[in-house]
Trainee: 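Okay, handing you the structure first.
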Amino acid sequence: MRFVLAIVSFVIGLLLVALAVGQRTVFAPPSSLVAQSSTTSSAPVTVIPGSTLNANPGYQRINVSGSGKVFAAYGKTADVDAWVGDAEHTTLRFDAEKAALVGRTTGSESSVPSPEGSDLWYQEWDGAGQFTVRLPQDVSVLIVSDGEAAAPSNVSVTWPRDTATPTVGPLLVAGGVFVLGGIVLLVLAFLHQRRGRGPRRRSGGTRPPRVRASRRAAAAGAQVPSRGRRSSRAFIGVPVVLVGALTLAGCSSDYWPQGVDASLATPTPTATATGAATTTEPTAATKQQISRVVDRIADVAKEADGRRDRDLVRTRFSGAALELRLANYSIRGKDSEVKAPPTISSGQVCVALPQQTDTWPRTVFTIVAEDCDAKAAPQALTLVQDSARDPYKVAYDVSLEADAQIPSLAPTTIGAALLTPESKLLTIAPDQVATAYADILSKDAKSEYADLFSSEGDALRTTIGKAYKDKKAKSLPDTAEIDYSSEVPADSAVAIATDDAGALVSADLDEIEKVTPTASGAEVNTEGAVKALSGVDSSKKGISATYSVQLLFSVPPVASGGKVVLLGFTQGLTAASEVQ
């Protein structure tokens with residue numbers, strides 16, 4: 001009976017071990033799930049939403065190929081949808097029953113512009129191939145050919161699958177126990193059988209017992225084989241193999257059942273001190289995007305300034321910043337001694353403050369320098385993106401004062417609100433800041449706004465303020481006079497909130513100098529940049545020159561008692577002509 005039990009135990013153990021091995025070999029689950037696009041469409045755009053990419057857990061390996069040009073990029077879903085707009089596009093979703101990507105085509109426009117180099121993308125690829133990402137729900141993938149032809153049709157998404165076999169470990173252990181139990185039963189059966197035989201008497205003959213012969217042979221030095229050693233080695237080999245298998249099973253957590261941490265299974269929202277869940281407003285751009293935008297702007301500015309390329313500079317500059325550069329190109333075309341505008345630093349992005357918004361136009365405030373720690377020649381850039389398909393353009397390029405104290409700003413991941421031009425939350429409305437400051441430049445302490453602005457460290461007052469204007473007027477001969485005036489472009493102020501409920505206000509104003517003769521037959525002579533830009537050597541009517549000034553202010557909140565501080569400025573001649 002013991003032999004039967006031993007055999008049964010052996011068989012059960014071997015079956016359990018074989019079943020465990022089979023789960024890791026023959027019956028092993030596939031290591032990945034591949035979903036191939038099963039639709040063909042003539043739409044120029046294909047979109048893979050974040051919901052599709054996260055239809056299965058794990059990273060996403062996206063493979064894109066086609067007969068023509070292939071371009072792929074990913075960005076926030078809201079940005080991708082805005083860029084696509086009304087264009088005809090195919091949206092892919094994951095069909096779990098078919099394990100495939102199924103498309104739905106919508107939209108009316110038959111073509112789209114090139115998406116390459118758009119400031120909206122987190123990352124982009126040019127050319128067929130595969131890329132592995134792990135994108136969240138609010139990020140989508142855009143796939144385009146050349147904008148007119150159909151988007152690449154060969155699209156697939158691969159997700160890793162859980163290949164864990166949690167029953168392998170228990171099966172190996174159970175199999176090992178049964179095999180070891182069979183060995184124990186087999187040993188006990190042999191021992192019982194041996195004891196059951198007992199010593200036997202021989203009835204006749206003079207031959208000595210075999211054991212005595214063996215003892216005599218051993219005493220004489222003969223080698224006598226010991227019984228049972230070969231079989232014992234065979235018995236030892238089986239548990240050694242089982243111990244090795246069990247050891248390997250213990251080395252992998254995939255072979256054992258794993259507990260589930262409930263706190264990880266269901267994410268919980270971040271709570272405030274009052275216990276209410278917090279939500280973060282979407283931001284116009286990330287720190288990485290802003291850095292990439294600044295690098296692109298710096299490259300364009302360097303190339304355009306070097307070649308005085310008016311068309312190229314328009315792709316990355318607008319407003320007052322564009323006017324200053326265009327005027328500089330005209331002046332340098334006639335006077336080679338005039339220097340080019342200050343270059344845009346692509347060294348480091350010291351401050352990156354995007355607007356809290358997911359609509360357009362969008363605004364980003366940033367401070368760049370070659371070395372943020374050294375505060376070497378920092379520049380404050382106000383960037384504006386008019387629409388989803390437009391690039392960010394520099395609306396204001398301001399050189400900061402050496403001792404400028406930037407107020408506390410929100411982190412890039414949180415961003416800040418853009419205030420309306422007529423906001424009443426500040427000591428002075430953003431659209432009135434430039435007008436008030438122009439009055440100070442004209443009247444200084446006698447201005448009605450003098451108490452609102454801080455004069456400490458204001459270098460612009462010394463450069464083009466009342467004292468400068470009076471001195472220049474006195475230097476003119478009696479046959480000429482100079483008249484000063486200011487103009488503030490409408491709807492040009494940009495105000496972005498600071499942490500202290502104040503705002504950083506970017507604005508510009510035009511300082512106009514008009515020199516006219518006062519005596520009959522007298523002429524006004526021009527020189528330098530004014531001569532180069534106006535194309536007039538002398539005039540009996542007079543000369544008008546317009547200097548554009550880009551300004552950056554720190555404006556405190558209303559009723560705070562603080563003063564408006566000029567943080568930096570950039571000025572230059574933008575227009576000159578004969579008085580009509």
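Source: prediction; values computed, not measured.
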Trainee: Charged N to carboxylate O under 4.0 angstrom, D470 versus K466?
Mentor: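 Judged by the 4.0 Å cut-off on N to carboxylate O distance, D470 and K466 do form a salt bridge.
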Trainee: Within the side chain of T463, is there an N or O that forms a donor-acceptor pair under 3.5 Å with the backbone of A459?
Mentor: yes
Trainee: Mark yes or no for whether Q432, through its side chain, and A429, through its backbone, hold a donor-acceptor pair below 3.5 Å.
Mentor: no
Trainee: Is T570 reaching over with its side chain to a backbone N or O of S399, donor-acceptor style, under 3.5 angstrom?
Mentor: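 The answer is yes, because a donor-acceptor pair under 3.5 Å joins these two groups.
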Trainee: Output the distance between atom CG (D483) and atom NZ (K469), rounded to the nearest 0.5 Å.
Mentor: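 Going from CG on D483 over to NZ on K469, the span is 10.0 Å.
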Trainee: Quick one: list whatever passes salt bridge (charged side-chain N to carboxylate O under 4.0 Å, His left out) with D439, sequence neighbours left out.
Mentor: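 In terms of salt bridge (charged side-chain N to carboxylate O under 4.0 Å, His left out), with neighbours along the sequence ignored, D439 is linked to K443.
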Trainee: Once rounded to the nearest 0.5 Å, what's the spacing between atom CZ of R93 and atom CD1 of I48?
Mentor: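 Between atom CZ of R93 and atom CD1 of I48 there are 14.0 Å.
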Trainee: Using a cut-off of 6.0 Å, state whether more than 12 heavy atoms not belonging to Q405 lie near its atom CD.
Mentor: no
Trainee: Quick one: closest heavy-atom pair of Q356 and I414, and the distance?
Mentor: NE2-O, 2.9 Å
Trainee: Could you check V300 against L312 for side-chain contact (heavy atoms from CB on, under 4.5 Å), going step by step and ending with a plain yes or no?
Mentor: CA-CA 7 Å; V300 169; L312 179 60; 3.9 Å; yes
Trainee: Kindly state whether the ring of W159 and the ring of F94 have centres lying under 6.0 angstrom apart.
Mentor: yes
Trainee: Could you tell me if the side chain of I482 sits less than 4.5 Å from the side chain of K514, heavy atoms only?
Mentor: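 No, every pair of side-chain atoms sits at 4.5 Å or beyond.
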Trainee: Before giving the answer on ring-ring contact (aromatic ring centres under 6.0 Å, His included), spell out for F71 and W121 the whole-Å C-alpha distance, their side-chain angles and the decisive distance to 0.1 Å.
Mentor: CA-CA 12 Å; F71 174 86; W121 314 140; 7.2 Å; no
Trainee: Identify, with sequence neighbours excluded, every residue that meets ring pair (Phe, Tyr, Trp, His ring centres under 6.0 Å) alongside Y437.
Mentor: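 Partners of Y437 under the ring pair (Phe, Tyr, Trp, His ring centres under 6.0 Å) test: F453, F553.
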Trainee: Tell me, do P49 and T91 make a side-chain contact under 4.5 Å, heavy atoms counted?
Mentor: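 With C-beta onward as the side chain, the pair touches.
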Trainee: Strictly by modelled atom types, are D458 and S455 linked by a side-chain donor-acceptor pair under 3.5 Å?
Mentor: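 There is no such pair between these side chains.
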Trainee: So, is the end of the K393 side chain (NZ or CZ) under 6.0 Å from the ring centre of F317 and within 45° of the ring's axis?
Mentor: no
Trainee: In terms of side-chain geometry, is the basic nitrogen of R332 or E337 positioned less than 4.0 Å from the acidic oxygen of its partner?
Mentor: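 Here R332 does not pair with E337 in a salt bridge, since their nearest N and O are not under 4.0 Å apart.
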Trainee: Exactly one of L418, D390, D386 should register a side chain to side chain contact (heavy atoms under 4.5 Å, CB included) with P361. Which one does?
Mentor: D386
Trainee: Does any donor atom in the side chain of S486 or E511 lie under 3.5 Å from an acceptor atom in the other side chain?
Mentor: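 The criterion, which ignores hydrogens and geometry beyond distance, is satisfied for E511 and S486.
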Trainee: Spell out, as yes or no, whether a donor-acceptor pair under 3.5 Å connects the side chain of Q348 to the backbone of C372.
Mentor: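 Here the side-chain-to-backbone pair exists.
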Trainee: Check whether more than 12 heavy atoms from other residues, nucleotides or ligands sit under 6.0 Å from atom CZ of R307, and answer yes or no.
Mentor: yes
Trainee: Step by step, work out the side-chain contact (heavy atoms from CB on, under 4.5 Å) result for H89 and T106.
Mentor: CA-CA 6 Å; H89 62 282; T106 56; 3.3 Å; yes
Trainee: Working to the nearest 0.5 angstrom, can you tell me the gap between K76 NZ and D358 CG?
Mentor: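 So the NZ of K76 and the CG of D358 are separated by 7.0 Å.
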Trainee: Using a distance-only test with no angle check, is there a side-chain donor-acceptor pair under 3.5 angstrom linking D305 and Y329?
Mentor: yes
Trainee: Can you tell me if T574 and E323 form a side-chain donor-acceptor pair at under 3.5 Å?
Mentor: no
Trainee: Using 4.0 Å as the upper bound for N to carboxylate O, is an ion pair formed by D79 and R362?
Mentor: yes
Trainee: Judged by modelled atom types alone, do S330 and R310 share a side-chain donor-acceptor pair under 3.5 Å?
Mentor: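 Present: a donor and an acceptor within the cut-off.
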Trainee: Between T90 and T105, is there a side-chain donor-acceptor contact under 3.5 Å, judged purely by atom types and distance?
Mentor: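 Their side chains do contain a donor-acceptor pair, which is all the 3.5 Å distance test asks for.
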Trainee: Are L426 and V558 packed together at the side-chain level, in the sense that at least one heavy-atom pair is separated by less than 4.5 angstrom?
Mentor: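 SC-SC contact between L426 and V558 ruled out.
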Trainee: Any side-chain heavy atom of E481 within less than 4.5 Å of one from T516?
Mentor: yes
Trainee: For the residue pair T363 and A284, what are the closest heavy atoms and their distance?
Mentor: O-CB, 4.3 Å
Trainee: What closest approach, in Å, do T283 and T413 show between heavy atoms, and which atom pair accounts for it?
Mentor: CG2-O, 3.6 Å
Trainee: Has the side chain of S560 got a donor or acceptor atom that lies under 3.5 Å from a matching backbone atom of P556?
Mentor: no
Trainee: Can you confirm whether L551 sits close enough to D508 that some side-chain heavy atom of one is under 4.5 Å from a side-chain heavy atom of the other?
Mentor: no
Trainee: Taking the side chain as every heavy atom from C-beta outward, state whether Y122 and V139 have any atom pair closer than 4.5 Å.
Mentor: yes
Trainee: Taking atom types as modelled, find out whether S506 and T382 have a side-chain donor-acceptor pair closer than 3.5 angstrom.
Mentor: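 Result is yes, a qualifying pair exists.
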Trainee: Please say whether more than 12 non-hydrogen atoms of neighbouring residues, nucleotides or ligands are located less than 6.0 Å from CD in E401.
Mentor: yes
Trainee: To the closest 0.5 Å, what do you measure between NZ (K541) and OG (S577)?
Mentor: 11.0 Å
Trainee: To the nearest 0.5 Å, tell me how far D510 CG sits from T546 OG1.
Mentor: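 Going from the CG atom of D510 to the OG1 atom of T546 covers 6.0 Å.
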Trainee: Is a donor on one side and an acceptor on the other found under 3.5 Å between the side chain of R389 and the backbone of V84?
Mentor: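 Looks like yes, one N/O pair under 3.5 Å.
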Trainee: Is there a donor-acceptor contact under 3.5 Å from the side chain of T315 to the main chain of D311?
Mentor: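 Here the side-chain-to-backbone pair does not exist.
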Trainee: Give a yes or no on whether the backbone of V565 and the side-chain of S454 come within a donor-acceptor separation of less than 3.5 Å.
Mentor: no
Trainee: Are the side chains of I143 and V45 in touch, meaning some heavy atoms are under 4.5 Å apart?
Mentor: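 Result no, sub-4.5 Å side-chain heavy-atom pair not found.
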Trainee: Could you grab the distance from atom CG of N54 to atom CG of L135, nearest 0.5 Å is fine?
Mentor: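 Atom-to-atom, N54:CG and L135:CG are 7.5 Å apart.
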Trainee: For W360 and Q385, which heavy atoms make the closest approach, and how far apart are they?
Mentor: NE1-OE1, 2.9 Å
Trainee: Please step through side-chain contact (heavy atoms from CB on, under 4.5 Å) for the pair D397 and V394, ending with a clear verdict.
Mentor: CA-CA 7 Å; D397 175 11; V394 179; 4.0 Å; yes
Trainee: Please walk me through it: do I496 and L419 pass side-chain contact (heavy atoms from CB on, under 4.5 Å)?
Mentor: CA-CA 6 Å; I496 192 163; L419 305 182; over 6 Å; no
Trainee: List the atom of T412, the atom of P354, and the distance in Å for their closest heavy-atom pair.
Mentor: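 Heavy-atom minimum between the residues: O-CG, 3.5 Å.
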Trainee: For A369 and P378, which heavy atoms make the closest approach, and how far apart are they?
Mentor: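 Looks like CB-CA, 4.0 Å.
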Trainee: Between the side chains of S345 and E370, is a donor N or O closer than 3.5 angstrom to an acceptor N or O?
Mentor: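 A donor-acceptor contact under 3.5 Å links the two side chains.
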Trainee: Any salt bridge linking D119 with R296? Criterion: basic side-chain nitrogen under 4.0 Å from a carboxylate oxygen.
Mentor: yes
Trainee: Quick check: does any side chain N or O of Q379 sit under 3.5 Å from a backbone N or O of T343, one acting as donor and the other as acceptor?
Mentor: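 Side chain of Q379 to backbone of T343: a pair is present.
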Trainee: Does CD belonging to Q288 count more than 12 external heavy atoms closer than 6.0 Å?
Mentor: no
Trainee: Do E124 side-chain atoms and A73 backbone N/O form a donor-acceptor pair below 3.5 Å?
Mentor: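 Looks like no, no N/O pair under 3.5 Å.
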Trainee: Can you find a heavy atom in the side chain of T498 that is under 4.5 Å from one in the side chain of L504?
Mentor: yes
